[in-house]
Every structure is written in structure tokens, then in C-alpha cells.
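Take a look at the structure below.
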Amino acid sequence: GSAAVQIAKSIGAIVIATAGGPEKCALVKEKLGADYTVDYLAHPKDWPNQILKIVSKIPGREKKPGVDVIYDPIGYFTLDTKCIAWNGRILIVGFAGTPSAIDAVPANRLLLKGASLVGVFWGGSVLNEPAIVQRTWDGVFRLFEQNKNVRPLLFAQRYYGLRSVVDAMENLGSRKTYGKVVVDIQREEENSRGVAKL
């Protein structure tokens with residue numbers, strides 16, 4: 001999600017980001033440049049209405065309720081349909097928040113809004129559309145070169161050595177982290193004269 005926010009901002013989009021908790025909402029605004037945030041933990045089933053309230057206050061959007069594009073790596077597609085605009089697109093990127101029960105979207109909600117549900121499977125694209133993948137990477141690297149605000153967001157806490165992988169994975173699974181989590185294996189190897197300890 002952090003890369004999506006940065007790329008959207010770099011092409012001029014107004015970004016409303018959802019994040020879990022006030023600290024992560026502040027981080028998304030300060031470090032990634034989101035224009036607005038909604039804390040989905042504070043509004044577990046009502047965050048689509050919070051988004052609609054924000055959109056209604058954006059100049060020029062008063063008569064077009066909803067957002068044009070939703071990037072959803074979590075899997076709340078039915079809730080997404082409540083805040084998508086007419087002719088909007090919901091990008092299905094993953095199911096990180098709903099691994100045990102993948103959401104089935106009522107087709108009538110898409111029909112009534114003229115909306116599209118689009119699967120974005122990067123691994124499948126690599127195999128089936130290599131030319132598009134190459135164009136995408138070229139565009140991402142151009143953004144890196146031209147815009148210093150498009151950079152990977154690294155989690156502040158660093159993990160050192162193979163033993164720390166367990167802690168890193170537990171913190172990732174419990175959503176205590178943000179951005180990319182880095183485990184520095186080399187530091188432990190240097191401390192033990194080139195022999196990694198398990």
C-alpha cells in the first residue's frame with residue numbers, strides 16, 4: 001500500500017488512505033504524502049462512510065460521490081463497493097486481512113455503480129504479459145529517478161541475524177509493522193566471523 005500511495009501522489013491523484021490506528025494514519029500522511037486518512041480500526045464497518053464524507057468536502061467532487069480507484073490488498077471488496085464512484089475501479093491486489101474467508105462481492109453493487117472489479121496478480125503478469133511488466137518496471141524506475149518522494153518505506157525497527165526472523169514475522173503478522181521490514185543477516189555473520197548462527 002505504501003508504494004501505491006506514493007505512485008498515486010506522484011501522478012497527481014488525491015489520496016485517501018485507510019490505515020490501522022492513529023499512529024499509522026499519521027505516518028501515511030507524513031511519510032507517504034496521503035491527503036486524507038481513515039482509521040479502519042476506529043471505524044471497522046463504517047470506514048466507507050468516512051471516505052464518502054471526505055470526498056463530499058473535496059472541491060469539484062460534491063456531485064460525484066465516491067472514489068475513482070480503490071487499491072485493496074486486504075480483501076474488503078464488498079465494503080469497497082459502498083464508497084466506489086460511478087465507473088470506478090476496485091483493484092483486487094490480495095487478501096491479507098481476510099485469508100480464511102475470501103469476500104464474495106454481490107454483482108448488483110457493481111452493476112448499479114457501473115464499477116469494475118479488476119484482479120491484479122503480479123506473478124501471473126510476469127508469466128503472461130512480460131512486455132507490460134517491463135514497461136511497468138521502467139515506469140517505476142523513472143519515478144525513482146525523477147521524484148525523490150517515491151522511495152520504499154522501511155520499518156523503523158531493524159532486526160539483526162537469522163534468530164530475529166521469528167520476531168520480525170510475528171510483528172508482521174500482528175500488524176505491528178509498516179512498510180518493508182528488513183532483517184540484516186550480514187551483521188550477525190560479521191560478528192561471528194562469517195558463520196551465521198541459528
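Computed from a predicted structure; not experimentally measured.
Considering only heavy atoms from C-beta on, Ile58 comes within 4.5 Å of Tyr36 through its side chain.
Partners of Lys64 according to the salt bridge (charged side-chain N to carboxylate O under 4.0 Å, His left out) rule, which considers only residues two or more places apart in sequence or in another chain, are Asp68.
Remark: side-chain polar atoms of Glu62 are paired, donor with acceptor, to backbone N or O of Gly60 under 3.5 angstrom. A distance-only check finds no donor-acceptor pair linking the side chain of Gln50 to the backbone of His43 [under 3.5 Å]. Using a distance-only test at 3.5 Å, with no hydrogens or angles considered, no donor-acceptor pair links the side chain of Asp184 to the main chain of Tyr160. Although no hydrogens or angles enter the test, the distance criterion places no donor-acceptor pair under 3.5 Å between the side chain of Lys113 and the main chain of Asn87.
For residues 2-18, every residue pair satisfying the salt bridge (charged side-chain N to carboxylate O under 4.0 Å, His left out) rule, not counting sequence neighbours, is listed here: Lys9-Asp35. Listed by first and then second residue, the side-chain hydrogen bond (donor to acceptor under 3.5 Å, both in side chains) pairs that reach into residues 130-143 are Gln134-Asp138, sequence neighbours excluded. Pairs of residues two or more places apart, or lying in two chains, never qualify as salt bridge (charged side-chain N to carboxylate O under 4.0 Å, His left out) while including a residue from residues 69-89.
The two atoms that bring Leu52 and Cys83 nearest to each other are CD2-CA, 3.9 Å, heavy atoms only. Shown here for Ala168 and Val181, the closest heavy-atom pair between the two residues is CB-CG1, 4.0 Å.
Clustering of Ile, Leu, Val, Met, Phe, Trp and Tyr by side-chain heavy atoms under 4.5 Å joins Val182 with Leu154. The hydrophobic cluster containing Leu91 also includes Val69, Tyr71, Val93, Val118, Val120, under a criterion of side-chain heavy atoms closer than 4.5 Å among ILVMFWY residues, counted directly or through chains of members.
Between Phe155 and Tyr178, the two ring planes are perpendicular [angle over 60°; tilted spans 30° to 60°].
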